[in-house]
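In what follows, a single structure is set out as structure tokens and then discussed.
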Amino acid sequence: MNSTVPTGESAMPTDAEFAALVEPFRPELLAHCYRILGSIHDAEDLVQETYVRAWRGFGRFEGRSSVRRWLYKIATMACLTALERRARRPLPSGLGAPSDDHRVAVAESEPSVAWLQPAPDALFAAGDPAAIVADRTGVRLAFIAALQLLPARQRAVLTLRDVLAFRSAEVAEMLDTTTSAVDSALRRARSRLAEAGPVQDDLAEPDEAVRRALLDDYVAAFTRADPDALVALLRADVELEMPPIPTWFTGRSAVLGFLANRVLSRDLWRLVPTSANGQPAFVIYERTNDGGYEAYGIQVLTLVGTRISRITAFMNPDLVPIFGLAPELAK
């Protein structure tokens, strides 16, 4: 999608003409803002702001670049401005060391921390298959969490260059800087990400049949509170984190011990399948006293080979509506 408008003085389009020109780019712009901000709520706000700025500035857009690149410039600068007033969004694993003992005292929730948020895959759906692949592989939780370690400008440069494949000269024009400055920032960003460890865990996911069986077995074991059944589903080095709780666990013994002693109870939970960050996920509901179920949060799984390598449980019911599901389930 490299739509352009004629060079020269740009007449203001009608609402319908403007929408036809810019709306096809909304899903990929949303993914872009999410990568930089780490919040799907903030990303939606910034995409809307991008379109407002684009509408107001359309008369100054003279077709010197594609509409797509022009929108990315507006969106990136809007995100960088927003980040001047906001802290990075971590996961618990980005703040401290894990525990390998499930008996450890679990820290209180930290609502004051702006935690990284999951993002529904449905929001990144687009008509261009290449764009879908780029968006989903570029929003893996491990990758988004690693991006949060970078200064805002390096975050923007790396996503524009390595995820979206813009040329250095194009990125320099978007950021009002020089090509050499872009290349320098990209080297530093790549080096920092390399220090953070591998983030391309999606390359080792199982085929669809194995994946489906694994997820079905996980739901069954979780619902009937059967930690023994989970043993065969989890890697030995599995990790569990639960924002907004800073405490997190590493190792199958610690993770299973925590789940068995503090989480699992027969028929306490309902797991509704969804997908987030290009990964399998579940909307989690907790049973209420009247026998119904109310939204509890979102659980995202990372799969490596034929087992689960990470469980990221976002314990925030406010995230459920963005996945298009009801806040309550019937009895």
Side-chain angles (χ1 to χ4, degrees), residues 29-47 75-98 107 109-121 123-124 134-164 175 185-202 239-248 250 276-279 281 297-298 300 302 309-316 318-319 322:
L29 288 172
L30 182 62
H32 177 59
C33 291
Y34 172 66
R35 291 182 193 106
I36 295 176
L37 300 170
S39 163
I40 194 63
H41 289 134
D42 290 352
E44 289 179 317
D45 290 344
L46 266 293
V47 169
T76 303
M77 297 306 289
C79 287
L80 291 178
T81 299
L83 286 174
E84 293 174 358
R85 307 184 300 273
R86 304 177 195 182
R88 71 182 181 94
R89 285 183 172 269
L91 288 174
S93 53
L95 295 180
S109 296
E110 286 286 356
S112 61
V113 175
W115 296 99
L116 184 69
Q117 294 179 346
D121 285 350
L123 294 181
F124 303 140
D135 288 344
R136 291 190 177 178
T137 57
V139 294
R140 302 284 294 187
L141 268 182
F143 181 60
I144 301 299
L147 284 178
Q148 296 298 304
L149 301 174
L150 303 176
R153 208 164 180 82
Q154 288 183 26
R155 219 179 292 175
V157 167
L158 187 133
T159 55
L160 289 168
R161 285 285 284 114
D162 285 359
V163 178
L164 296 161
L175 300 181
L186 182 61
R187 285 193 299 271
R188 293 195 300 273
R190 287 172 174 170
S191 176
R192 183 68 185 90
L193 282 193
E195 293 173 4
V199 295
Q200 293 300 323
D201 45 37
D202 55 309
E239 295 174 333
L240 167 67
E241 51 188 332
M242 306 161 289
I245 293 176
T247 306
W248 61 292
T250 185
N277 297 82
Q279 300 170 231
I298 307 295
V300 182
T302 301
S309 67
R310 179 177 289 267
I311 303 168
T312 308
F314 297 88
M315 301 190 301
N316 180 358
D318 292 339
L319 294 171
I322 66 173

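Atom set for the values below is all heavy atoms of this structure, side chains included, hydrogens, waters and symmetry mates excluded. All residue numbers in this chain count up from 1 along the given sequence.
- Smallest separation of non-hydrogen atoms from Gly278 and Asp121: N-OD1, 2.7 Å.
- With a 4.5 Å cut-off on side-chain heavy atoms, Glu241 and Phe314 do not count as touching.
- In this structure a side-chain-to-backbone donor-acceptor pair under 3.5 Å is present from Arg35 to Gly138.
- Closest approach of His41 and Leu319 over heavy atoms only: CE1-CD2, 4.2 Å.
- A side-chain donor-acceptor contact under 3.5 Å links Gln148 to the backbone of Arg89.
- The structure places OG1 of Thr76 at 5.0 Å from CD1 of Ile36, a figure rounded to the nearest 0.5 Å.
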Query raised in the report: Run the side chain to side chain contact (heavy atoms under 4.5 Å, CB included) check on Trp248 and Leu95 step by step: do they pass?
Result: CA-CA 10 Å; Trp248 61 292; Leu95 295 180; over 6 Å; no
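- Taking both residues in full, the closest heavy atoms of Pro244 and Met315 are given as CD-O, 3.7 Å, listed atom of the first, atom of the second, then distance.
- Note that CZ of Arg86 and SG of Cys79 are 8.5 Å apart. Values are rounded to the nearest 0.5 Å.
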Report task. Could you please spell out the steps behind the side chain to side chain contact (heavy atoms under 4.5 Å, CB included) verdict for Glu44 and Cys33? Result -> CA-CA 8 Å; Glu44 289 179 317; Cys33 291; over 6 Å; no
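- Arg155 pairs in a side chain to side chain contact (heavy atoms under 4.5 Å, CB included) with only one of the listed residues (Leu83, Leu37, Leu160), which is Leu83.
- With 3.5 Å as the limit, one finds a donor-acceptor pair spanning the side chains of Thr302 and Gln279.
- Contact annotation: the side chain of Ile311 never approaches that of Val300 to less than 4.5 Å [non-hydrogen atoms, C-beta and beyond].
- Counting all heavy atoms, side chain and backbone alike, Ile144 lies closest to Gly38 at CG2-CA, 4.2 Å.
- Considering all non-hydrogen atoms of both residues, Tyr34 and Leu141 come closest at OH-CD2, 4.4 Å.
- Counting only distance, with no hydrogens or angles, the side chain of Ser109 and the backbone of Ile245 share no donor-acceptor pair below 3.5 Å.
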**Report entry** Stepwise side chain to side chain contact (heavy atoms under 4.5 Å, CB included) check, Asp162 with Val157
**Finding:** CA-CA 8 Å; Asp162 285 359; Val157 167; over 6 Å; no
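- Side-chain contact between Leu46 and Leu29 is absent, with no heavy-atom pair separated by less than 4.5 Å.
- For the pair Trp115 and Leu91, the tightest heavy-atom approach, listed with the atom from each and the gap, is CZ3-C, 3.7 Å.
- Looking at Arg88, its side chain never comes within 3.5 Å of a backbone N or O of Ala152 through a donor-acceptor pair.
- Within the model, atoms CD1 of Ile298 and CD1 of Ile322 stand 7.0 Å from one another, a figure rounded to the nearest 0.5 Å.
- With rounding to the nearest 0.5 angstrom, the CZ atom of Arg190 is 10.0 Å from the CG atom of Leu193.
- Going from atom CG of Leu116 over to atom OG1 of Thr312 covers 9.0 Å, rounded to the nearest 0.5 Å.
- Note that the CZ atom of Arg140 and the CG atom of Asn277 stand 8.5 Å from one another [nearest 0.5 Å].
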